[in-house]
Amino acid sequence: MLRLGIDIGGTKINIGLFDKSHSLLASKKYYIKDITHLPSFIESSVLALCSENSLNHRDIVSCGIGIPGTVSDDGKHVIKAPNISILNDGLCNQLEELLKVPVRLVQDSRAAAWGEYLFGAGQGKSSVVCVTLGTGIGTGIVLDGKIYSGALGYAGELGHLPVHENGRACGCGKFGCLEKYCAGKGLDMTAAEILGEGNSCSELFSAAEEGNTRALEAIDDAIKMLGNALTAIINLMSPDCLLLSGGLSERRTLYSEPLMKYVRQSCYSAGKLPDIQFAQLGELSPLYGAAFLPMEEKRRKPQISASIMCADILNIGQALRDIEESGIEYIHCDIMDNHFVPNLMLPPELLNKFRDGTSLPFDIHIMADDPEGILDKLIIKKGDIVSVHYESVAHLQRVITKIKAREAKVCIALNPSTPIEMLTEVLNETDMVLAMTVNPGFSGQALVNGSFDKIKRLRAMLDQKGYHNIPIEVDGNCSFENVPKMYEAGAEIFVVGTSSVFKKGQSVKEGTEKLLSLLQ
Ligand code: DX5
Ligand code: ZN
């Protein structure tokens, strides 16, 4: 599974490919002049990046694109992009056509804030304001864990705060905007006024370093102007994190550090101050944020895991062959200790013997108080799934480590009444989640009320936290009627038993075909 992030600037395009654990596998920066054929340029660059890094472009499941402008709510259209010639508006649809994955646009400063919130200096915070000081001022806001665009979509336009009446003309069409005095292009103009035509922001800082008082005063004025604007943001929104990023923020001694000090002194506080610091991901933050935008991704192919306790145990060899010939992906093996669940089922030694009857990977569902002890008795193969119940152990992380050591996929199982938030501390070590839709222990039970809603909330939580790659498996009453609703809610691996594939009066193959036909 790969997620594609693209950051389009005035003269450059940065492209990055990320894997399921958010690692950046490959990235490349392209300097461009003509963006009239942007979709085909991006497509060819992505294909080249994949082949240069022996990645398969078919593994790409989604594409997020950061742009320096205002984007429509649905992330499909550019509304306004003052600093670069307008992108051809068909970008999203044309790229979806070419890449065959969902494509969403996002304002680059919001992408940067989202990237820092998920993987950078904003991790663990609830509300992050990330101010990118570059040629202009970009401000991205994450409010209570969600990208904040405002009711009209223009939230964060700090750079266009009017600070000088009849002041310098701005690309937004107004005059006297903040970014025309406190960011790159504006400080170029200040330098020209103080030091003479042809001088720019870097000469202004060099003059200040040499003690030029007018240069120092001009920079100090800019700090106060920008500092007041940042103070206003903090007083208005009370974020727990304010980050500075962008090339200009690297002017730490003369600019960004005195700016942070000014803001800490001037903002309102009743004790706690927001964490005011530098962004961590540098110019990659928009790439991370764009790649991990919360969006639906190309749905992964649904998979089936056949619950062997429901198969024809008297003819288990034939049952295993029927399952394999039906194209089912996993053998679901329920292990029950008559303590964690009120049933005794499928001892490890018996399951080990089943290995001789199939080459399919096992999806081992441990419903026992001593999962580590059970693990020691099992033959585990690479590619197996091992599910352990959150509720069954005091030291879940230790069991996860043990499963990983056996090179199996780690799956955390939750009983129907266990809140999804219980997963929070182990998600970064989890490959899958098993949402029980019946109380575990027996086949032939009815779905627990609220199961569809719980699956939906679980999918939303995983996506919100950037874990698009963690699929949801469901177990219990995966009937012909329930499975489409479970799939719709976000489940994609189905433990099938007496409710569908092993229903009486049909073959395993017929049951499987019928089930898959409902998921087209
Ligand atoms: C439930 C078991 C599964 C499954 C059986 O604890 O893990 O075997 O529910 O399938 P159904 O519910 O369709 O009989
Ligand atoms: Zn099960």
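Atoms within a ligand are numbered from 1 in the order they appear, just like the ligands themselves. Predicted model, so just to flag it, every value in this text is computed and none were measured.
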Qualifying residues under ring-ring contact (aromatic ring centres under 6.0 Å, His included), relative to Tyr30, sequence neighbours excluded =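 Per chain and number, Tyr30 pairs via ring-ring contact (aromatic ring centres under 6.0 Å, His included) with Phe41.
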Give one line per pair: atom of ligand 1, protein atom, distance. Only N/O to N/O under 3.5 Å.
{"residue": "ligand 1", "atom": "6 (O)", "partner": "Gly441", "partner atom": "N", "Å": "3.1"}
{"residue": "ligand 1", "atom": "7 (O)", "partner": "Asp334", "partner atom": "OD1", "Å": "3.0"}
{"residue": "ligand 1", "atom": "7 (O)", "partner": "Asp334", "partner atom": "OD2", "Å": "3.0"}
{"residue": "ligand 1", "atom": "7 (O)", "partner": "Asp475", "partner atom": "OD1", "Å": "3.2"}
{"residue": "ligand 1", "atom": "7 (O)", "partner": "Asp475", "partner atom": "OD2", "Å": "3.0"}
{"residue": "ligand 1", "atom": "8 (O)", "partner": "Ser307", "partner atom": "OG", "Å": "2.6"}
{"residue": "ligand 1", "atom": "8 (O)", "partner": "Asp334", "partner atom": "OD2", "Å": "2.9"}
{"residue": "ligand 1", "atom": "9 (O)", "partner": "Asp475", "partner atom": "OD1", "Å": "3.3"}
{"residue": "ligand 1", "atom": "12 (O)", "partner": "Asn477", "partner atom": "N", "Å": "2.9"}
{"residue": "ligand 1", "atom": "13 (O)", "partner": "Thr498", "partner atom": "N", "Å": "3.3"}
{"residue": "ligand 1", "atom": "13 (O)", "partner": "Ser499", "partner atom": "N", "Å": "3.0"}
{"residue": "ligand 1", "atom": "13 (O)", "partner": "Ser499", "partner atom": "OG", "Å": "2.4"}
{"residue": "ligand 1", "atom": "14 (O)", "partner": "Gly444", "partner atom": "N", "Å": "2.8"}
{"residue": "ligand 1", "atom": "14 (O)", "partner": "Thr498", "partner atom": "N", "Å": "3.2"}
{"residue": "ligand 1", "atom": "14 (O)", "partner": "Thr498", "partner atom": "OG1", "Å": "2.5"}

message = Show, in sequence, the C-alpha distance, side-chain angles and deciding distance for Phe362 and Phe354, and conclude whether the ring-ring contact (aromatic ring centres under 6.0 Å, His included) test is met.
response = CA-CA 10 Å; Phe362 279 16; Phe354 286 177; 7.4 Å; no
inquiry  = Please enumerate all residues that pass side chain to side chain donor-acceptor pair (under 3.5 Å) together with Asp453, with sequence neighbours excluded.
reply    =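 Side chain to side chain donor-acceptor pair (under 3.5 Å) list for Asp453, sorted by chain: Arg457.
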inquiry  = I need the protein N, O or S atoms closer than 2.8 Å to the Zn ion (ligand 2), given as residue plus atom name.
reply    =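 Hits for the Zn ion (ligand 2) below 2.8 Å: His332 NE2, Asp334 OD1, His365 ND1, Asp475 OD2.
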query = Going through the distances and angles, do Glu510 and Lys503 end up as a salt bridge (charged side-chain N to carboxylate O under 4.0 Å, His left out)?
reply = CA-CA 10 Å; Glu510 285 161 351; Lys503 218 175 179 49; over 6 Å; no
Donor-acceptor pair, distance only, cut-off 3.5 Å: does the side chain of [X] make one with the backbone of [Y]?
X: Asp275; Y: Leu242; value: no
X: Asn343; Y: Gly441; value: yes
X: Asp384; Y: Ile380; value: no
X: Thr437; Y: Asp475; value: yes

ask   = Could you go step by step and tell me if Lys125 and Glu116 meet the salt bridge (charged side-chain N to carboxylate O under 4.0 Å, His left out) rule?
value = CA-CA 10 Å; Lys125 305 292 183 196; Glu116 290 291 337; over 6 Å; no
